Asker: 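Structure below; questions to follow.
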Amino acid sequence: MEYDFQSIEKKWQRYWAENKTFKVYNESSKPKYYVLDMFPYPSGAGLHVGHPLGYIASDIYSRYMRLKGYNVLHPMGFDAFGLPAEQYAIQTGQHPDKTTEENISRYRRQMDNIGFSYDWDREVRTCDPEYYKWTQWAFLKMFDAYYDAEQDKARPISELIGKLRQEGKWDGLSEREKSDLLMNYRIAYQGETAVNWCPELGTVLANDEVKEGLSVRGGFPVEQKKMKQWQLRVSAYAERLLKGLEEIQWSDSLKEMQRNWIGKSEGCEILFKVSNGTIDYDMTIFTTRADTLFGVTFMVLAPESEWVKRLTTPEHKDEVEKYIAYVGKKTERERISETHTVTGVFSGSYAVNPLSGKNVPVWISEYVLAGYGTGAIMAVPAHDSRDYAFARKFDLQIVPLIEGCDVSSESFDAKEGIMCNSGFMNGMSVKQAIPAAIDYVEGHGIGHRKVNYRLRDAIFSRQRYWGEPFPIYYKDGIPMPVDEADLPLKLPEIDDFKPTEDGQPPLARAKDWTYKGYPLETSTMPGFAGSSAYYLRYMDPHNCDALVSKDANEYWRNVDLYIGGTEHATGHLIYSRFWDKFLYDMGYVCEYEPFRKLVNQGMIQGRSNFVYRIVGKNTFVSCGLKDKYRTTEIHVDINMVKNDVLDIGAFRKWRPEYADAEFVLEDGKYVCGSAVEKMSKSMFNVVNPDNVCRKYGADTLRLYEMFLGPIEQSKPWNTKGIDGVHRFLRKFWNMFFEGDVLAVTDNTPTSLELKSLHKLIGKAQSDIESFSFNTTVSAFMICINELGSLNCRERAILEPLVIVLSPFAPHICEELWERLGHEESISYASFPKYEEKYLKEDTFECPVSFNGKVRFKLTLEKGIPESEAEDIVLADPNTVHWLGGKPVRKVVFVPGRIINIVF
RNA sequence: GCGGGUAUGGCGUAAUUGGUAGCCGCGCAAGACUUAGGAUCUUGUGACUUCGGUCGUGGAGGUUCGAGUCCUCUUACCCGCACCA
């Protein structure tokens, strides 16, 4: 009987939708399991074969856990606010709402084609007012909270006001003073800092939205600018975000990425007396190398540091101002690319080294960052390469502090060796000197221990339209929260999505954008706002009274398995953990880590094809001959290329300018060049899963994507092996039929058949649980080959087989399940029990090798029970009694293993 | 520069976690059935070989009776961070 995957898949996709097979309830006697995918941003390009990789894996796991008897929450939604839809709106005037809606339905259609087992009744969309009501709600809660350092958690701001009142710092303040004071404490606060300003996008960006000085979305230059922005006090959670990593099952690399991003460094703050000749100040710097204090030969301030003004002496004023202006003009990108050019200027002031008492000059240089530490450093050129480069350029003194180190051509940065030139530290090793120096500094009142984090507060406002409006209005310029009862504060309609002529965000165009007669905030929230707590909303998506009810939250708790890409390592995955911890502090949720286990699926790269056009001509040269000409490489649509051979007819039709193109062929063919690149529309290398489904079916696509290799590995898409997987499914299908009739018997299976089945069950179980889906697929193929050659037709074998395969290839399995006479969906079946006893053989040979030379075989007699196998002594004492000079006592037979020799 | 990872046939990969290296699939070769094959089935397929064997998991050492797996050094590639004091 023919395996008609198209009608089978259509039939079951409809059946699942109509019967709500995968609807999941919050009440169940079963244990819960929560499997989550990172929800997609619905872009205009649609899904390509890379997207479903993680979705297929999570779907397999969900289906598997259902069969294992769990109540599985497996939802899907859309991260629908964001820049691309808005950029598109600006260009076309089309409302982002409309394009977003269209994109979502395309995504939905594509996902349905693959047969995912989502409970679509729980779908969330971040741009839906009923959803973003809770994003705004969380913001209000953060606005109304502060971080209590003593309890080490967030508390309502009313508690802080109580404390301030007791300390006499509250009563008598004006409204504005009160507001300004509280802004220094609120978790969500408005503050003026240097931000990443992207003029092209007309908005500020968070640190994780900027890479190499360019915006991640769009790749436009970004500059540093001081602006007043809404921010989230993520930095208050730095230590807890770091500690929490220890108890979650994420990959080491991902945890490491978060650790780096949080960037904890332990050191101390040290007070330096500085003087500009007329006034003396105390200036604080941060260092992790207090042991090098005796080698400090100059100080450096960041150009943006507030100390610059105070310490610039009149005779250096011109020069310093010129330098500051020069630095200020540079874009972030220029600053990064010119990292190795040393620039700086002398302020005219001097500082006193608190240990040696020597006067050292204070310089200003862009290599010191305003945002880290105190924006000022002590420079130890002998032991820091950056200070070294600076000292060499401006001819400053270099004092080595480690015996025998050579600083004639580079600094000695390693933390090893014996100290010298260092007063009381002389003779100590560096490892001893570091704590000794800190103790000394603390003991003499010139500084104190300090832990610094690289993690900054998250800039939370965007000067854009397509995002959540802030529930904030301004009463006489003082920011006030919108009443909770008035949420959601809906995004107003506007007719033009560009910023206003005077640089106001687009919301300033909205008519009547006011609340209680006062103007509302015109910025909107960033992309990560809506994605920070979406996993909580899935637990209770239709609740109008709470983000998630207490019952629902206590049942589902947190995500057991989260699958998604690494690209969110320092964005979403930090913010989401922060957001969750805040809600935990305030008692709204019961778990302080949102994602227990996280698996990163690798990227599926595209394989691009190129043609080579001779410069200035409309002639194209085949790849092997291209070196004989001056050519330019042009991406061609991979749909016009088969096995790297170009379909010339299709190419001529592709673009009008190629209609009369000419070709220089090799062996009568035009051979294209190829490369592995990111799958993207602009490189014409996108493989659409719809096409694969049409040609081979969703089950083949699912199996094939898993078969491609380990889930965490990145790999290029190639369709070469897909026929093999498809063939396997056809073979599987044919096992059930003789001609056009079902040929399944109720005979008792043979021991060989049972062995084959249980080998598969055992392997599938352990492999699925360790996410080795590629080896599971291999195991299926082996099993089907074995059973095929045994001409297996027994229901007792085939039925469990269908169940085991069903998480991977659900459509074909449902169809067979039904034909086997079952009325309920296979989702309600239970995973077959693995029975080791079927694997036992009557006789088996255990070859053992040692010394690389001698080999012998051990044969266990028929009928010897496993429990007695331990006591079997090797038959030939001359061969094995001595192994590497040690006597062999016994040989233990362990099922599934070859042999274990015990000495 | 710092951190993480990877390296196995022509290709994607596997190896019971220290125990017969190369499972499964692709590709390739031969054969069968065919008017035909980009269909299906069977068999073979790491290299060398004087057919006895020998060599073989990026490279060089080491531990071990035994190493793809553990340790040291080294090379190449991928990813992340990067004047973070």
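Lettering follows sequence order; numbering is per chain, from 1. Predicted model only: the values in this text are computed from it and were never measured.
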Asker: Can you see if the side chain of A:N774 gets near the phosphate of B:rA14 - specifically, an N or O under 4.0 Å from OP1 or OP2?
Answerer: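 Result: yes.
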Asker: Send over the distance from A:N260 CG to B:rC83 C1', rounded to a whole Å.
Answerer: 16 Å
Asker: Look at all strands and tell whether A:I782 reaches a base, only sugar-phosphate, or nothing, counting heavy atoms closer than 4.0 Å.
Answerer: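 Contact class for A:I782: sugar-phosphate only.
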Asker: What is the pairing partner of B:rU54, taking Watson-Crick or G-U wobble pairs with both distances under 3.5 Å in any strand?
Answerer: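 Pairing partner, where one exists within any strand: B:rA47.
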Asker: According to the interplanar angle, ranging from 0 to 90°, do the rings of A:F390 and A:Y367 count as parallel (below 30°), tilted (30 to 60°) or perpendicular (above 60°)?
Answerer: tilted
Asker: Using a cut-off of 4.0 Å on non-hydrogen atoms, how would the nucleic acid contact of A:L708 be classed: base, sugar-phosphate, or nothing?
Answerer: sugar-phosphate
Asker: Do the charged groups of A:E239 and A:K264 touch, with an N to O distance under 4.0 Å?
Answerer: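 Yes, charged N to carboxylate O under 4.0 Å.
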Asker: Taking any heavy-atom pair under 4.0 Å as a contact, classify A:P710: base, sugar-phosphate, or nothing.
Answerer: sugar-phosphate
Asker: Across all strands, who's sitting opposite B:rU69 as a Watson-Crick or G-U wobble pair, both distances under 3.5 Å?
Answerer: none
Asker: With C1' as the reference atom in both, quote the distance from B:rC78 to B:rU42 in angstrom, rounded to an integer.
Answerer: 42 Å
Asker: May I ask which nucleotide in the shown strands pairs with B:rC11, Watson-Crick or G-U wobble, both distances under 3.5 Å?
Answerer: B:rG25
Asker: Does either side chain, that of A:S235 or that of A:D457, offer a donor lying less than 3.5 Å from an acceptor on the other one?
Answerer: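 Yes.
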Asker: Toward the 5' end of RNA chain B, which comes first, A:S778 or A:T288, by nearest nucleotide?
Answerer: A:S778
Asker: For B:rU42, give the paired nucleotide (Watson-Crick: N1-N3 plus N6-O4 or O6-N4; G-U: N1-O2 and O6-N3; both under 3.5 Å), or none.
Answerer: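 Across all strands, the one nucleotide that pairs with B:rU42 is B:rA30.
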Asker: Assess whether side-chain hydrogen bond (donor to acceptor under 3.5 Å, both in side chains) is satisfied between A:R694 and A:Q6, documenting all intermediate values.
Answerer: CA-CA 7 Å; A:R694 204 172 308 126; A:Q6 277 181 343; over 6 Å; no
Asker: For A:D387, answer base if it contacts any base atom (sugar-phosphate contacts may also be present), sugar-phosphate if it contacts only those atoms, and nothing otherwise; contact means non-hydrogen atoms under 4.0 Å.
Answerer: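 Counting heavy atoms under 4.0 Å across all strands, no contact is made by A:D387.
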Asker: Provide the Watson-Crick or G-U wobble partner of B:rU63, both distances under 3.5 Å; none if there is no partner.
Answerer: none
Asker: Relative to the ring of A:F773, is the ring of A:F808 parallel (under 30°), tilted (30 to 60°) or perpendicular (over 60°)?
Answerer: perpendicular
Asker: Syn or anti: how is B:rG22 classified when any glycosidic angle within 90° of 0 counts as syn?
Answerer: anti
Asker: If the C1' atom of B:rG46 is compared with that of B:rC11, how far apart are they to the nearest Å?
Answerer: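 Taking atom C1' in both B:rG46 and B:rC11, they lie 13 Å apart.
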Asker: Using the side-chain heavy atoms of A:K731, tell me which of these nucleotides is nearest: B:rC41, B:rC83, B:rG3.
Answerer: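 Given the options B:rC41, B:rC83, B:rG3, the side chain of A:K731 is closest to B:rC41.
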Asker: For the C1' atoms, the ones on B:rU69 and on B:rU20, what distance do you get once it is rounded to whole angstrom?
Answerer: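 The same atom, C1', in both gives a distance of 16 Å.
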Asker: Quick one: is B:rU40 close enough that its OP1 or OP2 comes under 4.0 Å of any side-chain N or O from A:R730?
Answerer: yes
Asker: Within this structure, what is the CG-to-C1' distance between A:L729 and B:rG25, rounded to whole angstrom?
Answerer: 13 Å
Asker: May I ask you to say whether A:E786 pairs ionically with A:K759, meaning some side-chain N is under 4.0 Å from a carboxylate O?
Answerer: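 Counted as a salt bridge, because a side-chain N and a carboxylate O are separated by less than 4.0 Å.
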Asker: Looking only at side-chain atoms of A:R454, point me to the closest of B:rC24, B:rA82, B:rA85.
Answerer: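 In terms of side-chain proximity for A:R454, the closest of B:rC24, B:rA82, B:rA85 is B:rA82.
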Asker: When rounded to the nearest Å, what value does the distance between P atoms of B:rA76 and B:rC65 take?
Answerer: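 Looking at atom P only, B:rA76 and B:rC65 are 35 Å apart.
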Asker: Remember a base hit wins even if backbone is also touched, and classify A:R727 as base, sugar-phosphate or nothing at under 4.0 Å, heavy atoms.
Answerer: sugar-phosphate
Asker: Looking at B:rC24, B:rG80, B:rG4, which one has an atom nearest to any side-chain atom of A:E256?
Answerer: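 Ranking B:rC24, B:rG80, B:rG4 by closest atom to the A:E256 side chain puts B:rG4 first.
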Asker: Figure out the CH2/P separation between A:W717 and B:rC11, and round it to whole Å.
Answerer: 21 Å
Asker: Can you tell me the distance, in whole Å, between the OH atom of A:Y704 and the C1' atom of B:rC24?
Answerer: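 Atom-to-atom, A:Y704 to B:rC24, this comes out as 13 Å.
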Asker: Please tell me if A:Y372 has a side-chain N or O lying less than 4.0 Å from either OP1 or OP2 of B:rA85.
Answerer: yes
Asker: Syn or anti for B:rU72, please, going by whether the chi angle lies within 90° of 0.
Answerer: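 Classified anti.
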Asker: Under 30°, 30 to 60°, or over 60°: which ring-plane class applies to A:H568 and A:H572, parallel, tilted or perpendicular?
Answerer: perpendicular
Asker: Picking from B:rA15, B:rC81, B:rA85, which would you name as closest to the side chain of A:T775?
Answerer: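 Ranking B:rA15, B:rC81, B:rA85 by closest atom to the A:T775 side chain puts B:rA15 first.
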Asker: Measure the distance from CG on A:N718 to C1' on B:rG27 and round it to the nearest whole Å.
Answerer: 11 Å
Asker: If you measure from the C1' atom in B:rA67 to the same atom in B:rA29, how many Å do you get, rounded?
Answerer: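 Comparing C1' positions in B:rA67 and B:rA29 gives a spacing of 35 Å.
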Asker: Give one of base, sugar-phosphate or nothing for A:V368, where a contact means two heavy atoms less than 4.0 Å apart.
Answerer: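 Base contact - A:V368 has a heavy atom under 4.0 Å of at least one base atom.
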Asker: Taking CZ from A:F272 and P from B:rA85, how many angstroms apart are they, rounded to a whole number?
Answerer: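 Rounding to the nearest Å, CZ of A:F272 and P of B:rA85 are 16 Å apart.
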Asker: In whole angstrom, give me the gap between the P atoms of B:rG31 and B:rA36.
Answerer: 14 Å
Asker: When the nearest nucleotide of RNA chain B is assigned to A:Q713 and to A:K695 on a heavy-atom basis, which residue is associated with the more 5' position?
Answerer: A:Q713
Asker: Provide the Watson-Crick or G-U wobble partner of B:rG3, both distances under 3.5 Å; none if there is no partner.
Answerer: B:rC79
Asker: Please report the distance separating the P of B:rG56 from the corresponding atom of B:rG62, rounded so that it comes out in whole Å.
Answerer: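 Roughly 14 Å separates the two P atoms.
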Asker: What form does the base of B:rG46 take, syn (within 90° of 0) or anti?
Answerer: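 B:rG46: anti.
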Asker: Over how many whole Å does the gap from A:E2 atom CD to B:rA39 atom C1' extend?
Answerer: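 That distance rounds to 12 Å.
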Asker: Which whole-number value in Å describes the distance from A:K720 NZ to B:rG27 C1'?
Answerer: 7 Å
Asker: What's the closest nucleotide to the side chain of A:T287 if the choices are B:rA85, B:rC83, B:rC24?
Answerer: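 Within the option list, the nearest is B:rA85.
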Asker: Please state the P separation for the pair B:rU8 and B:rC70 - nearest whole angstrom.
Answerer: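 16 Å, rounded to whole Å.
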Asker: Any strand is fair game: report the nucleotide pairing with B:rU20 by Watson-Crick or G-U wobble, both distances under 3.5 Å, or none.
Answerer: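 Result: none.
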Asker: Does a side-chain N or O from A:N600 land closer than 4.0 Å to OP1 or OP2 of B:rC79, or not?
Answerer: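 Checking A:N600 against B:rC79: no side-chain N or O falls below 4.0 Å of OP1 or OP2.
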Asker: Taking any strand in view, what nucleotide pairs with B:rU35 in a Watson-Crick or G-U wobble way, both distances under 3.5 Å?
Answerer: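 Paired with B:rU35, as far as the under-3.5 Å criterion goes, is no nucleotide at all.
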Asker: For A:S265, which contact category applies under a 4.0 Å heavy-atom criterion: base, sugar-phosphate, or nothing?
Answerer: sugar-phosphate
Asker: Less than 6.0 Å separating the ring centroids of A:H726 and A:Y704?
Answerer: no
Asker: Count the heavy atoms belonging to other residues, nucleotides or ligands that lie under 6.0 Å from CD of A:E835, then report whether that count exceeds 12.
Answerer: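 Atom CD in A:E835 is crowded, with more than 12 foreign heavy atoms closer than 6.0 Å.
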